[in-house]
Each structure stands twice: as structure tokens, then as C-alpha cells.
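Please read all numbers here as calculations on a predicted model, not as lab measurements. If you read the sequence from its start, that first residue is 1, and numbering goes on from there.
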Amino acid sequence: MKNKHLKSEVANLLETVDKTFGKDSVQHQNLDYYFDILVTVYEYNYDSEKDLLGELKDLINKLSEKIPELTPEQFKEKYPNISEMIDYLDEWLTD
């Protein structure tokens, strides 16, 4: 990752929240969870030109070769909420 200070800043922020609310607090757990997801997405996109949505769709298509319920027709029926999320993100994030 090119921004070498990001993880240490996140750790410092979590430590501050830990001191104020405690490590087992909802605030600390939520902040840790959100930053874990955001830093992962940031690292994945920052170091490469990969499109996470495209990668997800490609992976589901690959898996559908072995798992019939992941074919586009079955996927929409079996996983309507995931399908809706992907369609929404595809509409709003694709150039």
C-alpha cells in the first residue's frame, strides 16, 4: 500500500476510542469493523486498477460453472437482495 501511515493512524484512532469507550464497546467494535472494510477496499483499489464490482461479478460467473444456483437466472431468484445490491452498485459506480 502506498500510504504507509494509514494503518498506524487507524490504530491510533481505535486506541483513542478504546480509551474513551473501552475495547468491547459498540463504538469501538463498529469503528474497527468499518475501518477494516474501508482500508481493505482502499488497499485493493489503490494498488491496482481493479474494479471490485467487476471482480465480484467475474467470480460469481466463474463459480456458476460449478454451482448451478449462481447462474444469472438462478442467482436473481435465489439471492434477490444480493442481486439487487449488485445491480444498484453497477448502475451508480460504472462509468
Side-chain angles (χ1 to χ4, degrees):
M1 182 169 155
K2 294 179 181 174
N3 190 338
K4 60 185 175 188
H5 301 292
L6 181 62
K7 284 191 178 188
S8 64
E9 285 183 17
V10 169
N12 288 339
L13 177 57
L14 289 172
E15 187 177 321
T16 301
V17 173
D18 179 18
K19 288 177 185 173
T20 305
F21 295 101
K23 194 167 194 130
D24 294 329
S25 69
V26 172
Q27 293 87 343
H28 185 276
Q29 290 174 1
N30 285 346
L31 195 61
D32 187 31
Y33 175 73
Y34 297 144
F35 271 119
D36 183 46
I37 293 169
L38 293 173
V39 168
T40 300
V41 169
Y42 176 74
E43 287 176 340
Y44 195 89
N45 282 310
Y46 194 84
D47 287 340
S48 69
E49 293 300 317
K50 292 185 178 179
D51 170 23
L52 288 176
L53 184 59
E55 292 288 314
L56 173 62
K57 288 162 63 176
D58 289 345
L59 178 58
I60 291 171
N61 283 334
K62 254 187 204 175
L63 293 173
S64 72
E65 295 170 7
K66 302 251 188 224
I67 306 170
E69 70 184 42
L70 296 181
T71 61
E73 306 79 32
Q74 295 256 344
F75 187 79
K76 284 187 183 281
E77 184 179 317
K78 196 89 166 160
Y79 305 100
N81 293 307
I82 296 173
S83 182
E84 181 181 333
M85 176 191 70
I86 290 171
D87 290 346
Y88 177 83
L89 291 173
D90 198 26
E91 179 182 337
W92 289 99
L93 296 178
T94 306
D95 293 335

**Report entry** Nearest-0.5 Å distance, CG of residue N81 to CD1 of residue I86
**Finding:** 11.5 Å
Query raised in the report: Is any side-chain heavy atom of K57 closer than 4.5 Å to a side-chain heavy atom of D90?
Result: yes
Requested in this report: Name all residues meeting the side-chain hydrogen bond (donor to acceptor under 3.5 Å, both in side chains) criterion together with Q74; count only those two or more places apart in sequence or in a different chain, and write none if there are none.
Outcome: none
Query raised in the report: How long is the span from the CD atom in E91 to the CG atom in L89, to the nearest 0.5 Å?
Result: 10.0 Å
Query raised in the report: To the nearest 0.5 Å, what is the distance between CD (E15) and NE2 (H28)?
Result: 9.0 Å
Report summary line: L59 meets the side chain to side chain contact (heavy atoms under 4.5 Å, CB included) criterion, sequence neighbours left out, with L63
**Report entry** Short side-chain to backbone donor-acceptor contact, S83 and P80, under 3.5 Å
**Finding:** no
Query raised in the report: Do M85 and W92 share a hydrophobic cluster, counting only Ile, Leu, Val, Met, Phe, Trp and Tyr and linking them when any side-chain heavy atoms are less than 4.5 Å apart?
Result: yes
Report task. Among residues two or more places apart or on two chains, list those pairs meeting salt bridge (charged side-chain N to carboxylate O under 4.0 Å, His left out) that have a residue in residues 65-79. Result -> K76-D87
Report task. Any pair with a residue in residues 23-36 that passes salt bridge (charged side-chain N to carboxylate O under 4.0 Å, His left out), sequence neighbours left out, goes on the list, sorted by first then second residue, please. Result -> none
Report task. Please round to the nearest 0.5 Å and tell me the distance separating atom CD1 of I82 and atom CD1 of I60. Result -> 7.0 Å
Query raised in the report: With the 4.5 Å side-chain cut-off for hydrophobic clustering, are V26 and F35 part of the same group?
Result: no
Query raised in the report: When rounded to the nearest 0.5 angstrom, what is the spacing between OH in Y33 and CG in L38?
Result: 10.0 Å
Query raised in the report: Which is it for L14 and V10 under the side chain to side chain contact (heavy atoms under 4.5 Å, CB included) test, yes or no, and what are the steps along the way?
Result: CA-CA 6 Å; L14 289 172; V10 169; 4.0 Å; yes
Requested in this report: Evaluate whether atom CD of Q29 has more than 12 neighbouring non-hydrogen atoms of other residues, nucleotides or ligands under 6.0 angstrom away.
Outcome: yes
Report summary line: Sorted by chain and number, sequence neighbours left out, ring-ring contact (aromatic ring centres under 6.0 Å, His included) with Y79 holds for F75
Requested in this report: Please list, chain by chain and in numerical order, all residues satisfying side chain to side chain contact (heavy atoms under 4.5 Å, CB included) with T16, sequence neighbours excluded.
Outcome: none
